[in-house]
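Values reported hereafter were calculated over all heavy atoms of this structure, with side chains retained and with hydrogens, waters and symmetry mates removed.
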Amino acid sequence: TYALNRPLTLTAKAIGYAGNGLDGAKLTYRIKRSARFLYPYWPGYRGRRGQPEYNRGQTEIAHGTGTTKPDGSFDITFTLLPDLSLNADLDPVFTFTAEVVVTDINGEVQSAETTLNIGYKSLQLKLDAGGALQPADS
């Protein structure tokens, strides 16, 4: 289970075209965080169809370099830091994006990106019944 303010270790593997692990390849990584709200709580909300969600720009929260292990694998550990300037009661969802660039000994460059969405609540549900629900008779 992922949780805010806890460390997370990403494990990946750099492989060559033939499927072999890239031993000793240099890598750089950047971890970015953005925030969004799924509910109309933010300033400037323009109604149901005007602006479905608020997005906050990306902020880099970690970066670094490293080398791959003999089998081409590598680990990146960082803390899932929330944006403390946002009110937690408004249930922001944070998108963490990890970007990795690996350069092998021949100068061939590979890159990959993955994202992870984490909020203060472990589950969010949205129901859009389009007016099809009727109140129950009492």
Side chains of Phe78 and Leu10, heavy atoms from C-beta outward: is any pair under 4.5 Å? yes
Could you check whether any side-chain heavy atom of Tyr120 comes within less than 4.5 Å of a side-chain heavy atom of Pro92, counting everything from C-beta outward? yes
Inter-residue atom distance Thr103.OG1 - Gln110.CD, 0.5 Å rounding: 9.0 Å
What are the two closest non-hydrogen atoms of Ala35 and Leu86, and how far apart are they? CB-CD1, 3.5 Å
Using 0.5 Å steps for rounding, measure from the OG1 atom of Thr95 to the CG atom of Leu116. 8.5 Å
Test side chain to side chain contact (heavy atoms under 4.5 Å, CB included) applied to Ile61 and Lys32, step by step: CA-CA 6 Å; Ile61 61 167; Lys32 297 179 183 178; over 6 Å; no
Can you tell me how far CG of Leu4 sits from CG of Leu80, rounded to the nearest 0.5 angstrom? 6.5 Å
Using the rule given for side chain to side chain contact (heavy atoms under 4.5 Å, CB included), can you reason through Phe96 versus Thr115, listing the C-alpha separation, both sets of side-chain angles and the distance that settles it, and then say yes or no? CA-CA 5 Å; Phe96 294 90; Thr115 60; over 6 Å; no
If you measure only the distance, is there a donor-acceptor pair under 3.5 Å linking the side chains of Thr11 and Asp75? yes
Grouping I, L, V, M, F, W and Y whenever their side-chain heavy atoms are under 4.5 Å apart, do Ile15 and Val102 come out in a common cluster? no
Under 3.5 Å, is there a donor-acceptor pair between the side chain of Asn106 and the main chain of Glu108? no
Under a 4.0 Å N-O cut-off, is there an ion pair linking Glu60 with Arg30? yes
Within the side chain of Thr68, is there an N or O that forms a donor-acceptor pair under 3.5 Å with the backbone of Gly24? yes
Which distance, rounded to the nearest 0.5 Å, do you find between the CD1 of Ile31 and the NE2 of His63? 11.0 Å
Kindly indicate, with the supporting measurements, whether the criterion side chain to side chain contact (heavy atoms under 4.5 Å, CB included) is fulfilled by Ile76 and Val100. CA-CA 10 Å; Ile76 298 171; Val100 180; 3.6 Å; yes
Are Phe74 and Val101 linked, directly or through intermediate hydrophobic residues, by side-chain heavy-atom contacts shorter than 4.5 Å (ILVMFWY only)? no
Do any N or O atoms from the side chain of Arg33 and from the backbone of Leu81 form a donor-acceptor pair under 3.5 angstrom? yes
Could you check whether any side-chain N or O of Thr114 sits under 3.5 Å from a backbone N or O of Ala98, counting only pairs where one atom can act as donor and the other as acceptor? no
Side chain to side chain contact (heavy atoms under 4.5 Å, CB included), that's the test. Do Thr79 and Arg6 meet it? Break it down for me. CA-CA 5 Å; Thr79 301; Arg6 291 202 179 152; 5.9 Å; no
Assess whether a salt bridge exists between Asp23 and Lys69, defined as any Lys/Arg side-chain N lying under 4.0 Å from an Asp/Glu carboxylate O. no
Would you name the heavy atoms of Ser34 and Gln58 that are closest together and state the gap between them? CB-CG, 4.0 Å
When rounded to the nearest 0.5 angstrom, what distance separates CG in Leu22 from CG in Asp71? 10.5 Å
Within this structure, what is the CG-OG1 distance for the pair Leu8 and Thr77, rounded to the nearest 0.5 Å? 7.5 Å
Any chain of hydrophobic side-chain contacts (each under 4.5 Å) joining Phe94 to Tyr29? yes
